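This report concerns only the one structure given below.
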Amino acid sequence: MAKLKAPRGTQDILAQDARHWQLIESTASKIFQAAGFNEIRSPIFESTELFSRSVGEDSDIVNKEMYTFTDRSDRSLTLRPEATASIVRAYIEHALDRQGLPQKLWYRGPMFRYERPQTGRYRQFHQIGIEAIGAEAGQIDLEVIQLGITLLEQLGLGDLILYINTLGNQASRQAYTQALKDFLGSVQEDVCEDCQRRYEQNPLRALDCKVPADQEIYQGAPSIHDYLDDESKEIWQQTLAGLEKLEIKYKIDPKLVRGLDYYSHCVFEIKSTSKELGAQNTVLAGGRYDKLIEDLGGKTTPAVGWALGIERLASLIPAAGLDGGLFIISDDALAAQLLACKLRQDNKQELQVDFDYNASKFNKQLERAVKRGYDWALFYMSDERESGKYKIKNLRKSVEHEDLSYQDLVKILSP
RNA sequence: GCAGGUAUGGCCAAGUGGUUAAGGCUCCGGAUUGUGGUUCCGGCAUUCGUGGGUUCGAGUCCCAUUACCUGCCCCA
């Protein structure tokens, strides 16, 4: 009989990793709340149409990466490959604009893409993201980027680089796309097959091509920065000036474009230089999507946001030590259990209290307490049980307290 | 979807056609010390991802398949 395994591209998040996830999620939620962002939870599956309209009929995500299925009533549904479309759908559906603009929202949860798994790439992966809907270009972009940076910094991550670029407003982007297409058309013969395809499907992406020979050719490609109109230029300069003021380091990458169709103005990615992530080194990415809301049937509304990959982030967080706790050493597991329960009831600080369920040898229990990183060992052998006095030892500082009453014990444990 | 690599216990691994598949870590049990990671003893793979084949004989060779890894497409 074949062994049961988690499906391809999925994984179990076990204790150590789960701690990292908790840290990421709790840090994010605090930072977002402080910035006035509210959490929004949307369904994990949506009508397939939502994604074909938002992400783009021609995109790879829609064409070959969606988990699409038909339910018992013949509805075509899709496990969400990303969340922005859902958030915008909810925004329109519930007329959130009536609650005042901008709507500042954040989300977290699983996303699904049928891709070839690799390091930092899974079929079920998890994102945390923020969306600010209803703020004009330049009004909130800086805040949005700053929140991303702050989150990563608070998580203690180094080796990160912010890459930023602008695509300009619709007019600028269109003018540029045309110029780029003309250019790409003139070099069609010389570039790789992928780029020949991109000429039709997604000309902006050609600039990102990994083939060295192509990169050489694209040295001569027109730059978006020569096609920005005055408005776009001003907004762009403003954003950069803000980054300077906040002392956020960045690199302008004129070749940075986002894969999804609906972006305009500023786009950005934060990449890690760590080896952990291999080729999937983008930790956080986002940009402005002023056209998406109307594409999905809402009023024309500007918006900006980003998403980060929790798996990628978690793999960068340094291993954390255990955080204290008390281990009861006893030759009577039942007595130890009763004491543990009582301490948990009375301990408002939520100090971790545990014991050895097997009532192993004294030394073994002590060894376990030390190995597992507990701060305190409580000796609860027959002597102590009979006397009703408690004896604990701080395993980190080698300090002992003897002859403690239960009240004293609780007091010491909750400083 | 394309190209390449790898697969031996919970983890790290030795092993390159010949009897019972090293070793280390972890885990479990025991002995010794009633107070720090000690030392000693014992236990933990009828089996080498899975399925076929070659052979007197396969973890070792061949084929297929699956999973993982690396890169491409794309992307967090």
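Below, chains carry the letters A, B, ... as their sequence lines are ordered, and counting in each starts from 1. Reckoned from all heavy atoms, side chains included, excluding hydrogens, waters and symmetry mates. Because the structure is a prediction, the values reported are computed rather than measured.
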Problem set entry | Any N/O donor-acceptor pair, R121(A) side-chain to C74(B) base, under 3.5 Å | yes
Exercise. Taking the same atom, C1', in G52(B) and in G10(B), what whole-Å distance lies between them?
Worked result: 30 Å
For this session: Please determine, by modelled atom types, if S26(A) and Q22(A) share a side-chain donor-acceptor pair under 3.5 angstrom.
Result: no
For this session: Would you classify G9(A) as touching base, sugar-phosphate or nothing, given that sugar-phosphate means primed atoms plus P, OP1 and OP2, and contacts are heavy atoms under 4.0 Å?
Result: sugar-phosphate
Exercise. If the C1' atom of G51(B) is compared with that of U66(B), how far apart are they to the nearest Å?
Worked result: 10 Å
Problem set entry | D290(A) and R288(A) ion-paired at < 4.0 Å | yes
Exercise. Looking for any heavy atom pair under 4.0 Å, which part of the strands does K397(A) touch: base, sugar-phosphate only, or nothing?
Worked result: nothing
Problem set entry | P spacing across the pair U60(B) / A21(B), given as an integer number of angstrom | 15 Å
Exercise. What does N394(A) touch in the nucleic acid at a heavy-atom separation under 4.0 angstrom: a base, only the sugar-phosphate, or nothing?
Worked result: base
Exercise. What interatomic distance, in whole Å, is found between P of C62(B) and the corresponding atom of G18(B)?
Worked result: 16 Å
Seminar exercise, completed: dist K411(A):NZ -> S405(A):OG (nearest 0.5 Å) comes out at 7.5 Å
Exercise. Can you find a side chain N or O atom of R368(A) that sits less than 4.0 Å from OP1 or OP2 on U35(B)?
Worked result: no
Exercise. For M111(A), which contact category applies under a 4.0 Å heavy-atom criterion: base, sugar-phosphate, or nothing?
Worked result: nothing
For this session: Remember a base hit wins even if backbone is also touched, and classify E384(A) as base, sugar-phosphate or nothing at under 4.0 Å, heavy atoms.
Result: base
For this session: Would you indicate what R197(A) reaches in the nucleic acid, counting non-hydrogen atoms under 4.0 angstrom: base, sugar-phosphate, or nothing?
Result: sugar-phosphate
For this session: Give E115(A) one of three labels, base, sugar-phosphate or nothing, depending on what nucleic acid heavy atoms sit under 4.0 Å from its own.
Result: base
For this session: From the options C69(B), U35(B), A76(B), select the nucleotide whose nearest atom is closest to the side chain of P117(A).
Result: C69(B)
Exercise. Looking only at side chains, do Y374(A) and Q352(A) share a donor and an acceptor under 3.5 Å apart?
Worked result: yes
Exercise. Using the C1' atom in both, what is the distance from C25(B) to A14(B), to the nearest Å?
Worked result: 15 Å
Exercise. If you look at every strand shown and take non-hydrogen atoms under 4.0 Å, does Y122(A) touch a base, only sugar-phosphate, or nothing?
Worked result: base
Exercise. Which is true for G129(A) with a 4.0 Å heavy-atom rule: it touches a base, it touches only sugar-phosphate, or it touches nothing?
Worked result: nothing
Problem set entry | G15(B) versus C73(B) - spacing of their P atoms, nearest Å | 38 Å
For this session: Have a look at N358(A) and say if it touches a base, only the backbone sugar-phosphate, or nothing, with a 4.0 Å heavy-atom cut-off.
Result: sugar-phosphate
Exercise. With S272(A), which of L313(A), V283(A), L284(A) fulfils side chain to side chain contact (heavy atoms under 4.5 Å, CB included)?
Worked result: V283(A)
Problem set entry | Nearest-nucleotide pick for R116(A), side chain only, options being C74(B), C28(B), C2(B) | C2(B)
Exercise. Which value, in whole Å, describes the distance between the P atoms of nucleotides A22(B) and A45(B)?
Worked result: 11 Å
